[in-house]
Amino acid sequence: MTRHLTGLLCGLLVLVTSAAHAEPISLIPLPAQLTVADGMFMVDAQTTVVVADHDASTRRTARYLSELIARTRGLRLSVNQGGPGARGIVLRRDPHAPVANREGYALDVTPQGIRITARDDAGLFYGAVTLWQLLTPDAQHGAVQVPAVQIRDQPRFTWRGLMLDSARHFQSVVEIEQLLNQMAEHKLNVFHWHLTDDQGWRIQIKRYPELTRIGAWRTPPDAGHDGEPPRYGGFYTQDEIRRVVAYAAARHITVVPEIDMPGHAQAVVAAYPQFGVTGQRPPVSVDWGVNPYLYNVDDATFDFIDNVLDEVMALFPSTYIHVGGDEAIKDQWQASPAVQAKMHALGLKDEDALQGWFIGRVGQYLAKHGRKLIGWDEILQGDNLPADATVMSWRGIDGAIKAALLGHDVVLSPSPSLYFDHVQGDPADEYAGRLGVESLKDVYGFQAVPGVLSATQAKHVLGVQANLWTEHMPSFAHVEHAAFPRLDALSEVAWSPAATNSWPGFLARLPAQLERYRTQHVNVADSAFAVDIGADRNLALATGKATVTLANQVGTGAIHYTLDGSAPTPASPRYGAPFNVSLPVTARAASFAADGSPLAASRERVLDRAALLSLPGNTLPNCPGSDFRLRMQPMPDAKSTQPVYAVNVFDSCQQFPATWMDGVAAIHVDAVRLPRNFALAHEQKLVVSRPHATSFGELVVHADQCDGPVLASMPLPDPAQSALNFTLTAALPAQQGEHALCLIYTAPIDGPLYAIGRATLTP
């Protein structure tokens with residue numbers, strides 16, 4: 001007797017587990033069709049993985065499955081040749097398998113055994129991945145009972161991608177292989193590898209050795225001090241790239257390289273200034289953002305590009321070669337008589353049209369070699385885009401809509417929705433990254449097909465991709481923290497039928513996946529489950545009592561707490577409703593899954609007068625007028641994950657929220673000086689410059705609002721003679737009742753940035 005719920009999607013029956021099961025079938029992404037039956041099959045050390053055909057790829061998949069089970073479950077299953085009727089776990093390529101679609105598979109678990117069949121290699125591999133998840137419903141080792149199920153599965157999209165930026169910060173080959181492992185376990189199949197940018201050229205090109213001798217290295221701000229390396233960089237040899245490509249291919253992942261052009265070219269010009277516009281040699285950039293250097297448009301430059309692409313195509317068998325095309329500000333082209341003469345000779349009306357011609361020429365070269373061009377949505381500029389070019393929409397979804405209307409294939413990869421350099425949550429201990437928050441729920445709710453497209457136009461949507469831009473991810477721990485568990489949400493958007501989308505169902509299946517991460521030592525962000533400990537600060541300051549609220553971002557999991565500073569466990573009191581406490585008290589709280597496993601590390605809040613009058617700078621909001629906000633590390637290339645500081649590179653103004661000021665007599669600020677390594681291009685004019693009374697500026701405290709009376713002004717020390725971290729202290733005039741404070745740095749905008757580590761009011 002089977003139990004299921006049904007829905008209809010384009011003639012496909014969508015089946016999911018019913019509430020009759022005590023535990024969810026914890027599969028991510030959710031299969032297209034899943035029917036749960038009575039009974040189960042025991043997998044133990046005597047179970048055999050049977051290769052039931054003579055295809056070498058089937059044997060490779062069998063070994064992959066056996067090795068993955070051994071690493072994560074501690075079960076070592078032998079792999080043997082056998083017939084389709086053998087007992088155990090049987091894998092078979094079958095031209096008559098029930099699922100005909102590419103990458104699809106059938107998986108059947110009965111009390112007699114387990115059988116996976118597919119019509120292609122990728123489908124069989126994905127069936128093995130699903131079985132591995134069935135075999136790891138918890139963190140236990142040893143034998144496991146697998147419920148009887150019938151799965152018929154296939155992907156929603158052909159492009160299920162993840163982009164890693166190795167130009168801003170560099171990852172080792174081993175680290176990239178770790179990321180590829182997780183992509184495979186999530187049925188993602190495109191690894192977009194961002195290999196060149198203003199801050200570094202990461203791919204060995206034998207014809208042009210200066211690209212890696214010079215272009216792969218930069219000198220960080222404050223090199224050699226406070227955790228900054230004296231030189232930063234690295235590159236992948238061609239042998240290492242072949243290794244990564246082969247490793248990915250074994251997991252049915254295509255590696256799509258990105259070689260940025262015509263902008264984001266400063267590392268190229270640093271190595272070979274003759275291929276730039278000005279003829280001058282800049283340093284490899286240390287500045288994040290939009291740098292001004294462009295490729296030239298003469299024949300010698302295109303010979304260089306063609307020669308580079310020849311070596312790139314020899315290394316990467318991907319049909320697609322990504323050429324960037326984004327954020328190419330045209331100032332250098334506009335200022336160059338030679339470029340202007342070229343533009344007029346071609347009959348082009350402006351520099352945007354010249355970029356279109358540039359991209360079109362590169363596309364034609366790729367087409368001659370049997371490849372296809374893909375680029376960011378700026379490649380739509382001009383009228384020369386090859387008909388078979390694919391557009392990756394990053395500036396929202398408008399680029400995807402325009403491209404589909406013009407008949408181009410598209411990949412949805414919009415900022416901020418799928419930009420994983422945005423933080424996942426706002427706990428005080430969140431890692432560095434961009435704000436605002438792009439939460440786990442935000443990613444899960446992403447609509448992959450724009451609603452304005454007709455059914456015919458929607459066929460141009462190849463799929464979706466998330467991007468890991470690494471300006472603020474100097475270590476692989478940062479990369480993993482940014483990717484997981486949002487990659488689970490992305491995988492379900494990319495693979496599962498839209499009709500099965502269920503946020504509560506996804507959350508119910510997630511704890512088992514978190515255990516798989518722990519087993520594999522993946523540095524997963526717990527932002528979605530981290531408990532926020534709330535209290536009315538001013539009521540507590542005025543009365544000595546507080547009403548405590550506990551909540552996490554997703555609103556699920558059992559929250560347990562303590563009030564003596566000890567670590568909470570599932571045996572600690574469970575939160576059900578706000579409760580009252582008398583100060584002082586130290587509250588700690590954590591979220592737990594139904595089986596008692598932790599969903600997040602515990603968070604602590606001290607509730608006493610001193611703590612209520614002291615706030616981390618990360619919690620102080622921007623002043624009205626500019627929403628831009630980063631969480632920055634002290635040094636851009638240091639690998640530490642903490643501390644981080646909230647910074648608005650356009651306006652150095654933050655608000656200390658309205659606070660009960662009776663008895664407050666002074667303010668102490670733990671200040672920090674940070675490198676201003678941001679290339680803002682045409683947005684530089686938006687940076688607010690304020691008058692300063694001393695040589696290096698001040699931290700000015702205003703009452704209530706930013707144009708309110710000045711309560712204090714604290715001079716900043718000479719950057720050349722002082723430490724990066726320093727304390728500023730000033731007396732405050734007596735105030736009664738609740739008042740806010742506006743804290744403004746007036747330092748010159750051609751110097752360093754300043755941030756607030758902590759602001760403290762004292763009696």
Side-chain angles (χ1 to χ4, degrees), residues 220-222 225-228 428-432 435 472 610-623 626 628-636 638 640-657 659 664-678 687-703 706 708 710-733 740-763:
D222 290 325
H225 299 284
D226 295 284
E228 278 285 76
D429 57 359
E430 184 65 83
Y431 284 19
L435 291 158
H472 306 290
L612 292 168
L613 289 173
S614 181
L615 297 177
N618 287 332
T619 67
L620 305 182
N622 287 4
C623 297
S626 176
F628 186 87
R629 193 169 168 93
L630 293 170
R631 293 173 64 91
M632 286 177 55
Q633 298 191 181
M635 289 288 112
S640 58
T641 61
Q642 297 293 330
V644 294
Y645 303 98
V647 171
N648 180 351
V649 299
F650 294 100
D651 190 358
S652 57
C653 176
Q654 289 180 267
Q655 291 185 320
F656 196 99
T659 298
V664 169
I667 183 169
H668 300 269
V669 175
D670 297 329
V672 60
R673 188 173 62 252
L674 303 168
R676 192 185 291 268
N677 63 317
F678 294 91
V687 178
V688 177
S689 177
R690 291 185 170 87
H692 48 94
T694 58
S695 298
F696 310 109
E698 305 81 35
L699 177 59
V700 181
V701 182
H702 293 262
C706 297
V710 174
L711 301 180
S713 181
M714 296 167 275
L716 300 175
D718 180 354
Q721 304 295 326
S722 60
L724 297 179
N725 296 82
F726 52 94
T727 300
L728 300 171
T729 300
L732 294 176
L741 301 176
C742 178
L743 309 178
I744 302 176
Y745 283 112
T746 64
I749 63 173
D750 59 354
L753 288 165
Y754 290 88
I756 297 171
R758 177 172 289 274
T760 301
L761 305 178
T762 61

**Q** Are the side chains of Pro636 and Pro221 in touch, meaning some heavy atoms are under 4.5 Å apart?
**A**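 Counting from C-beta outward, Pro636 and Pro221 do come under 4.5 Å.
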**Q** Walk me through whether Phe656 and Leu761 qualify under side-chain contact (heavy atoms from CB on, under 4.5 Å).
**A** CA-CA 10 Å; Phe656 196 99; Leu761 305 178; 3.7 Å; yes
**Q** Please walk me through it: do Phe678 and Leu630 pass side-chain contact (heavy atoms from CB on, under 4.5 Å)?
**A** CA-CA 12 Å; Phe678 294 91; Leu630 293 170; 3.5 Å; yes
**Q** Minimum heavy-atom separation for Met632 to Pro675, with atom names?
**A**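 Closest approach of Met632 to Pro675, heavy atoms only: CE-O, 4.1 Å.
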**Q** Provide the closest heavy-atom pair for Ile744 versus Arg690 in the form atom of the first, atom of the second, distance.
**A**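 The answer is CG2-CD, 3.4 Å.
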**Q** Hey, mind stepping through Tyr745 and Glu698 against side-chain contact (heavy atoms from CB on, under 4.5 Å) and telling me if it holds?
**A** CA-CA 6 Å; Tyr745 283 112; Glu698 305 81 35; over 6 Å; no
**Q** Are Pro752 and Arg676 side-chain neighbours, meaning at least one heavy-atom pair lies under 4.5 Å?
**A**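 SC-SC contact between Pro752 and Arg676 ruled out.
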**Q** Any side-chain heavy-atom pair from Leu615 and Thr659 closer than 4.5 angstrom?
**A**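 Sidechains of Thr659 and Leu615: no contact.
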**Q** Could you report the tightest heavy-atom contact between Ser713 and Val700, atom names first, then the distance?
**A**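 Closest heavy-atom pair between Ser713 and Val700: OG-CG2, 3.9 Å.
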**Q** I would like to know whether Asn618 and Gln654 meet side-chain contact (heavy atoms from CB on, under 4.5 Å); could you show each step before the answer?
**A** CA-CA 10 Å; Asn618 287 332; Gln654 289 180 267; over 6 Å; no
**Q** Examine the side chains of Asn648 and Ser626 and answer whether a donor and an acceptor come within less than 3.5 Å of each other.
**A**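 Side-chain D/A pair, Asn648 to Ser626: present.
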**Q** So, taking the atom named CG in Asp651 and the one named CZ in Arg629, what distance separates them when rounded to the nearest 0.5 Å?
**A**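 Answer rounded to 0.5 Å: 12.0 Å.
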**Q** Let's test your reading of the model: do Cys653 and Cys742 have SG atoms under 2.5 angstrom apart?
**A**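 Cystine link not detected, SG atoms outside the 2.5 Å cut.
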**Q** Could you pull out the closest heavy-atom pair between Thr760 and Arg758, with the gap in Å?
**A**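 Residues Thr760 and Arg758, closest heavy atoms: OG1-CG, 3.7 Å.
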**Q** Report yes if some heavy atom in the side chain of Leu699 is under 4.5 Å from a heavy atom in the side chain of Leu743; otherwise report no.
**A**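 A side-chain contact exists here, since the closest heavy-atom pair is under 4.5 Å.
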**Q** Give a yes or no answer on whether the side chain of Gln633 reaches the backbone of Ala638 with a donor-acceptor pair at less than 3.5 Å.
**A**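 Between the backbone of Ala638 and the side chain of Gln633 there is a qualifying donor-acceptor contact (under 3.5 Å).
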**Q** Side chains of Leu753 and Tyr645, heavy atoms from C-beta outward: is any pair under 4.5 Å?
**A**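 They are not in side-chain contact.
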**Q** Please find the pair of heavy atoms, one from Gln655 and one from Cys623, that lie closest to each other, and give the distance.
**A**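 Scanning both residues completely, I find the closest heavy atoms to be CG-SG, 3.8 Å.
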**Q** What are the two closest heavy atoms between Arg631 and Glu430, and how far apart are they?
**A**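 Of all heavy-atom pairs spanning Arg631 and Glu430, the closest is NH2-O, 2.7 Å.
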**Q** Taking the side chain as C-beta and beyond, is there a heavy-atom pair between Ser695 and Asp718 under 4.5 Å?
**A**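 With C-beta onward as the side chain, the pair stays apart.
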**Q** Keeping the roles fixed (side chain from His702, backbone from Gly708), state whether a donor-acceptor pair exists under 3.5 Å.
**A**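 Answer holds: yes.
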**Q** With rounding to the nearest 0.5 Å, note down the distance linking CG in Leu732 to OG1 in Thr729.
**A**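 Going from CG on Leu732 over to OG1 on Thr729, the span is 10.5 Å.
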**Q** May I ask you to test the Leu716-Phe726 pair for a side-chain heavy-atom distance under 4.5 Å?
**A**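 A side-chain contact under 4.5 Å exists here.
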**Q** Donor-acceptor pair, Asn725 side chain versus Asp670 backbone, under 3.5 Å?
**A**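 Not at all, since once roles are kept as given, no pair shorter than 3.5 Å links the two residues.
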**Q** Report yes if some heavy atom in the side chain of Asp222 is under 4.5 Å from a heavy atom in the side chain of Leu724; otherwise report no.
**A**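 Asp222 vs Leu724: side chains touch.
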